[in-house]
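Structure record follows, encoded as structure tokens.
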Amino acid sequence: MDKKNFALGKSNFIVMAIAFAFIILGFILMGGSSSTMEAFDPSIFSFRRIVIAPNLCFVGYILMLVGILIKDKNKE
């Protein structure tokens with residue numbers, strides 16, 4: 001199969017895979033135990049859950065957009 005038929009190149013897929021890993025890692029970091037009616041869990045307001053994880057997901061989404069839009073250098 002000829003490589004010129006593909007819309008995206010190898011570098012696009014590499015950037016998109018890295019972006020996907022960032023997004024998955026962000027969602028994993030957001031996870032954890034929750035509060036119930038019987039007990040309040042203050043860890044739902046931890047720095048990791050409300051700052052680091054959403055920012056990591058945001059960076060992943062931006063990288064995904066960049067991975068789709070950049071032009072592959074090897075492709076003419």
Side-chain angles (χ1 to χ4, degrees):
M1 194 171 232
D2 191 16
K3 286 187 176 184
K4 293 187 180 193
N5 291 336
F6 292 115
L8 301 174
K10 183 178 178 182
S11 62
N12 296 90
F13 286 115
I14 291 171
V15 172
M16 288 170 39
I18 292 169
F20 187 69
F22 270 54
I23 295 167
I24 295 299
L25 182 63
F27 276 102
I28 289 171
L29 290 176
M30 274 191 251
S33 61
S34 62
S35 294
T36 62
M37 294 300 276
E38 292 80 27
F40 174 71
D41 186 11
S43 72
I44 61 172
F45 299 113
S46 70
F47 184 75
R48 178 195 67 165
R49 286 175 123 177
I50 64 171
V51 175
I52 295 174
N55 284 326
L56 198 60
C57 287
F58 181 72
V59 168
Y61 288 126
I62 297 298
L63 272 176
M64 187 68 73
L65 184 65
V66 168
I68 293 170
L69 293 179
I70 61 171
K71 185 171 174 125
D72 196 14
K73 294 175 189 150
N74 300 332
K75 212 176 160 155
E76 292 296 322

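Everything numeric in this text was worked out from a predicted model, so none of it was measured.
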Going by atom type alone, with no hydrogens or angles, which donor-acceptor pairs under 3.5 Å involve a side-chain atom of residues 12-31 and a protein atom two or more places apart or on another chain?
{"residue": "Asn12", "atom": "OD1", "partner": "Gly9", "partner atom": "N", "Å": "3.0"}
{"residue": "Asn12", "atom": "ND2", "partner": "Gly67", "partner atom": "O", "Å": "2.7"}
{"residue": "Asn12", "atom": "ND2", "partner": "Ile70", "partner atom": "O", "Å": "2.9"}

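- Listed by chain and residue number, nothing satisfies the side chain to side chain contact (heavy atoms under 4.5 Å, CB included) test with Ser34 (two or more places apart in sequence, or in another chain).
- For the side chain to side chain contact (heavy atoms under 4.5 Å, CB included) test, residues two or more places apart in sequence or in another chain that qualify with Phe45 are Phe40.
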Would you be so kind as to tabulate the donor-acceptor pairs closer than 3.5 Å made by side chains of residues 53-64, with sequence neighbours excluded?
{"residue": "Asn55", "atom": "ND2", "partner": "Val51", "partner atom": "O", "Å": "2.9"}

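- A donor-acceptor pair under 3.5 Å is absent between the side-chain atoms of Ser43 and the main chain of Ser46, judged by distance alone.
- For Ser33, the side chain to side chain donor-acceptor pair (under 3.5 Å) test picks out Asp41, with sequence neighbours left out.
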